[in-house]
Amino acid sequence: MEPEMEDKTLELMNTSGMESQNLVDDLSPKKNTVLKLSNGPVVGSRKRPSEGNYEKEKEHCIALFDQWSEADQVEFVERLISRMCHYQHGHINSYLKPMLQRDFITALPAQGLDHIAENILSFLDARSLCSAELVCKEWQRVISEGMLWKKLIERMVRTDPLWKGLSERHQWEKYLFKNRTSEVPPNSYYHSLYPKIIQDIETIEANWRCGRHNLQRIQCRSENSKGVYCLQYDDDKIISGLRDNSIKIWDKQSLECLKILTGHTGSVLCLQYDERVIVTGSSDSTVRVWEVMTGEVLNTLIHHNEAVLHLRFANGLMVTCSKDRSIAVWDMASPTDISLRRVLVGHRAAVNVVDFDDKYIVSASGDRTIKVWSTSTCEFVRTLNGHKRGIACLQYRDRLVVSGSSDNTIRLWDIECGACLRVLEGHEELVRCIRFDNKRIVSGAYDGKIKVWDLQAALDPRAPASTLCLRTLVEHSGRVFRLQFDEFQIISSSHDDTILIWDFLNVSTNGQSEGRSPSRTYTYISR
């Protein structure tokens, strides 16, 4: 833009502005100007004179403005705005705001970019998605045709084990993770399904808090000595190790005994299985590897001098521990090719339990200590001290170690610094078994009780100790030896020769009030 032309235009603008300003200055504020002072912007009534050459000059300025390049126009407007007062800036801002807004969700489909609009809205949570549906019909169409309620539910099922479990148990999993076909319901089905899922989740959480459950009981009826020392379960089966030297496999639905594995000459004290093999440890000092499908013994490991008290295996590595005070680290190339890598020595009493991940091996002993070892090098890292008597159980995940002891307490530890984060008190005898997930700790003890604790509260140093134990479950008539749990159930075993299934999902209240005892279904099966 030529300097002379810009100056001329500004001169025209200034002339008009000066005439207007002179007129405003001549007017009495008491009569013609209203200024409202408040927390908001200042609003004034300013009148432009009806006489003069404003209209003619305005058209002339616009004609000149239209002849300039976009860059020149921007430069001119910037200079023009810089000569205005704050009051005028406010008016311009109010004028520009709606011009700068864009309904991109409506605009994208018009450009053939429906998938981008769907992808943007797919990141919304349920509350925001509900609000988005109410914006306009076009937004509602994008959400409906994009099946965004279906995608939201699928995202929750992928990331949350509670949602995944509900999808399997209530059988709406079959409508997920499929492309648009005649078998897939419309978006409205998923829209109505979402609040039902939320209601189911709230009911399950309330059942855990209030101790409402249905109870099923397996009477193992051991031949000689009674007691179920260890167990593990999945959706189809429960595998248990018994004091009478046998391993029994139970149907999870009918609770019938499907198979009995024999071969150990002592009590089966620990076990773990995957889709291919069952690995067991016994008071006969051996570790045996069994094929899940046939029950055939594939391998017998003879290394420890006394009872094998616990074992864990994962990703080609197995760790066993023994009453002989040692820990053995094994390489598992295959069920039949298992070789000893290293023996860890350092505990001064029986090593009762081990756990590990890619970083650490963690062991606990009757010597009152927890020891941490490097998984890769098998070198000693640190000792966690605090329990006043021997330690019977622990679980380790991420940075957290939770241990139970014959001092009747449970302790939470930070494995990286070795600090004790919390001591949980409540059991009256030795804490024999313990498990935790992201929400809860569940413990079983020789007092015959199972306690459910709030993990998040336990990790909060401000939480009062009285709020940590959510529920105490009492059904076993003997010492609780082992338990495992998920979002829906606890399965426990005891010296009383039973396996109990505590179901917090399928609870039949029969109109009972919350304060009354929960209804229970007892199933007695023996084979």
Side-chain angles (χ1 to χ4, degrees), residues 122 125-126 129 147-210 212-218 231-240 249-256 258 272-276 278 292-293 314 397 435-440 442 452 455 483-492 499-509 518-521 523 525:
S122 70
D125 58 23
L129 199 56
M147 302 290 283
L148 296 192
W149 283 103
K150 174 174 176 283
K151 291 178 180 178
L152 175 60
I153 294 173
E154 289 173 343
R155 187 167 78 237
M156 296 303 297
V157 169
R158 278 194 299 266
T159 58
D160 191 314
L162 180 52
W163 282 71
K164 180 173 176 56
L166 280 174
S167 73
E168 295 168 351
R169 286 163 173 80
H170 288 175
Q171 298 185 351
W172 39 265
E173 180 190 34
K174 60 187 176 184
Y175 299 121
L176 302 177
F177 307 107
K178 292 182 178 180
N179 296 326
R180 298 175 184 178
T181 65
S182 58
E183 298 178 4
V184 177
N187 187 66
S188 58
Y189 166 80
Y190 301 97
H191 192 181
S192 60
L193 175 62
Y194 191 93
K196 294 177 183 176
I197 298 171
I198 297 300
Q199 185 176 1
D200 286 342
I201 290 172
E202 290 174 350
T203 300
I204 292 168
E205 294 297 331
N207 289 342
W208 275 96
R209 286 193 305 272
C210 301
R212 286 193 297 261
H213 62 274
N214 279 344
L215 188 71
Q216 295 177 290
R217 185 187 305 263
I218 299 175
L231 64 82
Q232 185 184 335
Y233 71 86
D234 56 39
D235 290 339
D236 302 315
K237 61 185 176 295
I238 302 170
I239 301 182
S240 58
I249 303 176
W250 311 85
D251 185 279
K252 180 74 161 40
Q253 306 308 317
S254 68
L255 306 186
E256 293 183 355
L258 302 175
Q272 185 185 342
Y273 71 85
D274 60 15
E275 66 279 357
R276 297 181 303 158
I278 307 167
V292 171
M293 296 302 295
R397 192 179 68 190
R435 305 297 295 171
F436 70 89
D437 62 9
N438 293 328
K439 299 176 185 176
R440 306 176 185 92
V442 181
V452 181
L455 174 60
L483 62 80
Q484 182 185 339
F485 78 99
D486 56 42
E487 298 283 355
F488 308 102
Q489 63 198 329
I490 301 170
I491 299 185
S492 59
I499 297 171
L500 298 187
I501 303 171
W502 315 71
D503 186 350
F504 298 93
L505 174 62
N506 303 300
V507 177
S508 176
T509 58
S519 63
R520 300 185 177 94
T521 302
T523 304
I525 301 289

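Partners of Glu168 according to the salt bridge (Lys or Arg N to Asp or Glu O under 4.0 Å) rule, which considers only residues two or more places apart in sequence or in another chain, are Lys164. Evaluation of the side-chain contact (heavy atoms from CB on, under 4.5 Å) rule for Ala126 yields Trp149, Leu152, Tyr194 as partners, not counting sequence neighbours. Contacts of Asn506 classified as side-chain contact (heavy atoms from CB on, under 4.5 Å), with partners at least two apart in sequence or in another chain: Asp503. In this structure Phe177 satisfies the ring-ring contact (aromatic ring centres under 6.0 Å, His included) test with no other residue, sequence neighbours excluded. With sequence neighbours left out, the salt bridge (Lys or Arg N to Asp or Glu O under 4.0 Å) criterion links Lys439 to Glu205, Glu487. Residues passing the salt bridge (Lys or Arg N to Asp or Glu O under 4.0 Å) test with Asp486: none are found, sequence neighbours excluded.
Rounding to the nearest 0.5 Å places CD1 of Ile153 at 11.0 Å from CZ of Arg155. For the atom pair CZ (Phe504) and CZ (Arg209), the distance works out to 12.5 Å, reported to the nearest 0.5 Å. Taken to the nearest 0.5 Å, the CZ atom of Arg158 stands 6.0 Å off from the CD atom of Glu154. We find the CD1-NZ distance between Ile238 and Lys252 to be 6.0 Å, quoted to the nearest 0.5 Å. With values rounded to the nearest 0.5 angstrom, Gln272 atom CD is found 11.0 Å from Ile239 atom CD1. In this structure, CH2 on Trp502 lies 7.5 Å from CD1 on Ile490, to the nearest 0.5 angstrom.
Between Asp235 and Arg169, some side-chain heavy-atom pair lies under the 4.5 Å cut-off. Residues Leu166 and Val157 fail the side-chain proximity criterion, which asks for heavy atoms closer than 4.5 Å. Between Phe485 and Trp208, the closest side-chain pair of non-hydrogen atoms falls below 4.5 Å.
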field: Intermediate values then yes/no, side-chain contact (heavy atoms from CB on, under 4.5 Å), Phe488 and Asn207
entry: CA-CA 10 Å; Phe488 308 102; Asn207 289 342; over 6 Å; no

query: Hey, mind stepping through Trp172 and Lys196 against side-chain contact (heavy atoms from CB on, under 4.5 Å) and telling me if it holds?
result: CA-CA 11 Å; Trp172 39 265; Lys196 294 177 183 176; over 6 Å; no

side-chain contact (heavy atoms from CB on, under 4.5 Å) between Lys237 and Val292, worked out: CA-CA 11 Å; Lys237 61 185 176 295; Val292 171; 4.2 Å; yes

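For the pair Lys150 (side chain) and Lys178 (backbone), a donor-acceptor distance under 3.5 Å is present. Listed for the Tyr190 side chain is a donor-acceptor partner under 3.5 Å among the backbone atoms of Tyr175. Although no hydrogens or angles enter the test, the distance criterion places no donor-acceptor pair under 3.5 Å between the side chain of Arg212 and the main chain of Thr203. Here the side chain of Gln489 pairs no donor or acceptor atom with the backbone of Ile501 at under 3.5 angstrom. Side chain of Gln216 to backbone of Ile499: no donor-acceptor contact under 3.5 angstrom is found.
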